[in-house]
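Every chain is numbered from 1 and lettered A, B, ... according to where its sequence line falls, protein lines coming before strand lines.
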2 protein chains.
Amino acid sequence: MVARTDRETKILDVAADMLVRHGYRRVTIDDVAVAAGIGKGTVYLHWKTREQLFGAVFAREVHGAIGDLVTALRADPAVALLHRFAAEFFLAILRRPLLHGMVIGDVQMWGKLIGSEAGYDGGRHNAMMASYLGILAARGLVRTDLAVPELTYAFQAVYEGFIYAERTAAPTGTYEDRARLLSTTVESAFSRPGTADAALAEEVAALLSGLAA
Amino acid sequence: MVARTDRETKILDVAADMLVRHGYRRVTIDDVAVAAGIGKGTVYLHWKTREQLFGAVFAREVHGAIGDLVTALRADPAVALLHRFAAEFFLAILRRPLLHGMVIGDVQMWGKLIGSEAGYDGGRHNAMMASYLGILAARGLVRTDLAVPELTYAFQAVYEGFIYAERTAAPTGTYEDRARLLSTTVESAFSRPGTADAALAEEVAALLSGLAA
DNA sequence: TGTATGACCAAATTTGAAATCTGGTCAAAT
DNA sequence: ATTTGACCAGATTTCAAATTTGGTCATACA
């Protein structure tokens, strides 16, 4: 018998794959169990409800994307700069089929997963961004003529504008191109000249890791 | 008997009011006719279909907003500068209850009106923005290290990010505050120092008026 | 003895046909 | 010549029956 954790991983893998292919509404617990080669009851040994299972899938994706960001941050501290951060985050989401699908596809299709507490807390995300921008402001790496709450609001609006544009705008070029455009836009809108050292990168990485608690 | 144009205006007024209050789906042609104090058939003397009537309401609102913009442009040529333009356009939309409702409210509720050909053509809007940015680029009033199509894409993403944020973000301060924040963001992201004269304002006003053809 | 299962149940969802409503027409009234 | 509202077909809504599915647990199994 496989270890409990291996089975959990297998179920999440299968569920993620089916979610990408068929969407939230169409995937049943039994579908997942059959595809994972186990009984339906066994799924419930791992998660109490359907929503919690799919929430776990979503959370794993988000944590994976955050993990990619942290890796990028440690490989190159300059990613701690706001414009680099924006581009890396943008790509970290679009590179993952499930998250990409949630961004591009019909919001309706993902039902309770979006905006539900299960898996990921948007409020915490907001607080994290505010902390991050506070740190950058303290080091003079972003403009300081705007208060941190305004800066946070504006940055989020710009970032989400580019994410939203993926859904609506006619797709020109690759999304790496769009990530560069986002980076350029954020840089001139909010960044101030300066460099990021490993200590800053680590601080930001710690903030991000806190999101995955 | 009132002039034909007056009756048309009356119907559009009544329809706009009912659209704001009840939403696209809930308003019937008969509702509008009764509220306007005329027979249902009379409505059809002015528009061939329901969609065309509501499209006309929508078009009138958009043209009104554009008219406000043109007025602002003629009163102060500096509104031709991209960041001023963004803020004025933002406010021109949010100040009109119907458009504000379409931005804030459930997209679903406005059905075919959004994205339909009736009343307003998004493709033309796009082309207008590209022309406008081309004119600003030629005068050095926006950054020229980005090609006009990229500049247009990025500007639209930022603008729509702020519009979209009206729907999702927790409302802090007034929307005049958010318009200022948008203006500041667009200014540092895309604008270059320079002044706008009356000739430029008139050129931009002409472009805008072309949208209402 | 602890783990896994799928038959089972209640609740949610879907289906489909009947009832109702509404966009659009046009013969009649003005 | 202009306006109207009764009228009709097609769209939408209703509502109950049929089906599906989330979640449980007695049983099988290792």
Side-chain angles (χ1 to χ4, degrees), chain A residues 1-19 21-59 106 108-114 116-119, chain B residues 1-19 21-59 106 108-114 116-119:
Chain A
M1 172 68 343
V2 291
R4 196 177 168 79
T5 304
D6 289 354
R7 190 172 62 190
E8 200 159 297
T9 304
K10 168 80 175 182
I11 296 173
L12 290 175
D13 288 347
V14 164
D17 182 59
M18 301 196 77
L19 278 177
R21 292 223 297 256
H22 306 294
Y24 184 82
R25 270 169 39 101
R26 293 183 189 281
V27 181
T28 71
I29 295 283
D30 207 51
D31 290 340
V32 173
V34 168
I38 58 177
K40 180 160 73 148
T42 308
V43 173
Y44 283 92
L45 297 178
H46 292 270
W47 298 274
K48 274 204 261 293
T49 68
R50 177 184 128 105
E51 202 181 333
Q52 275 175 36
L53 163 60
F54 290 145
V57 173
F58 179 57
D106 186 10
Q108 192 78 349
M109 189 167 199
W110 297 100
K112 300 167 190 170
L113 257 191
I114 290 179
S116 96
E117 301 299 302
Chain B
M1 171 63 356
V2 290
R4 195 179 170 80
T5 304
D6 289 353
R7 190 173 61 191
E8 200 159 298
T9 303
K10 168 82 176 181
I11 296 172
L12 290 175
D13 288 347
V14 163
D17 182 59
M18 302 195 77
L19 279 177
R21 291 224 297 256
H22 307 294
Y24 184 81
R25 270 169 38 100
R26 294 181 188 281
V27 181
T28 71
I29 294 283
D30 207 51
D31 289 339
V32 173
V34 169
I38 58 175
K40 180 160 72 146
T42 309
V43 173
Y44 284 92
L45 296 177
H46 292 271
W47 298 275
K48 274 204 261 293
T49 67
R50 178 182 127 106
E51 202 181 332
Q52 275 175 36
L53 163 60
F54 290 144
V57 172
F58 179 58
D106 186 10
Q108 193 79 350
M109 189 167 198
W110 296 99
K112 300 167 190 169
L113 256 192
I114 290 179
S116 95
E117 302 299 303

Next item on the list: Assign Thr42(A) to base, sugar-phosphate, or nothing according to its heavy-atom contacts below 4.0 angstrom with the strands shown.
Entry: base

Next item on the list: Go through Tyr44(B) and Gln52(B) one step at a time and tell me if the side-chain contact (heavy atoms from CB on, under 4.5 Å) criterion holds.
Entry: CA-CA 10 Å; Tyr44(B) 284 92; Gln52(B) 275 175 36; over 6 Å; no

Note to self: What is the distance, to the nearest angstrom, from the NE2 atom on His46(B) to the C1' atom on dT3(D)?
What the structure shows: 10 Å

Item checked: Nucleotide dT21(D), atom C1' - distance to CD of Glu51(A) in whole Å -> 15 Å

Next item on the list: Could you go through the side-chain contact (heavy atoms from CB on, under 4.5 Å) check for Leu19(A) and Phe58(A) one step at a time?
Entry: CA-CA 10 Å; Leu19(A) 278 177; Phe58(A) 179 57; over 6 Å; no

Notebook entry, point to check: Hey, mind stepping through Thr42(A) and Arg7(A) against side-chain contact (heavy atoms from CB on, under 4.5 Å) and telling me if it holds?
Noted result: CA-CA 10 Å; Thr42(A) 308; Arg7(A) 190 172 62 190; 3.4 Å; yes

Note to self: Please report the distance, rounded to the nearest Å, between CG in Leu53(B) and C1' in dG23(C).
What the structure shows: 12 Å

Notebook entry, point to check: Do you know the tightest heavy-atom contact between Met18(B) and Ala35(B)?
Noted result: SD-CB, 4.1 Å

Margin query: Is there a side-chain contact between Arg4(B) and the phosphate of dT2(D), meaning an N or O under 4.0 Å from OP1 or OP2?
Written below: no

Next item on the list: Taking all heavy atoms of His22(B) and all of Arg26(B), pick out the closest pair and write down the distance.
Entry: O-CD, 3.3 Å

Next item on the list: Indicate, with a heavy-atom threshold strictly under 4.0 Å, whether Arg25(A) touches base, sugar-phosphate, or nothing.
Entry: sugar-phosphate

Notebook entry, point to check: Mapping Gly41(B) and Tyr44(B) to their closest nucleotides on DNA chain C, which lands nearer the 5' end?
Noted result: Tyr44(B)

Notebook entry, point to check: dG24(C) P sits how many Å from Lys48(B) NZ, rounded?
Noted result: 12 Å

Notebook entry, point to check: Lys10(B) NZ to dT3(D) P: how many Å, rounded?
Noted result: 16 Å

Next item on the list: Nearest whole angstrom, please: distance from the C1' of dT13(C) to the CZ of Arg50(A).
Entry: 12 Å

Note to self: Rounded to whole Å, please give me the gap between CD1 in Ile29(A) and P in dA4(C).
What the structure shows: 17 Å

Checklist line | Nearest-nucleotide 5' precedence on DNA chain D, Ile38(B) against Asp30(A) | finding: Ile38(B)

Notebook entry, point to check: Hey, is the side chain of Lys40(A) pairing donor to acceptor with the base of dG22(D) inside 3.5 Å?
Noted result: yes

Notebook entry, point to check: Rounded to whole angstrom units, what separation is found between the CH2 atom of Trp47(B) and the P atom of dG24(C)?
Noted result: 13 Å

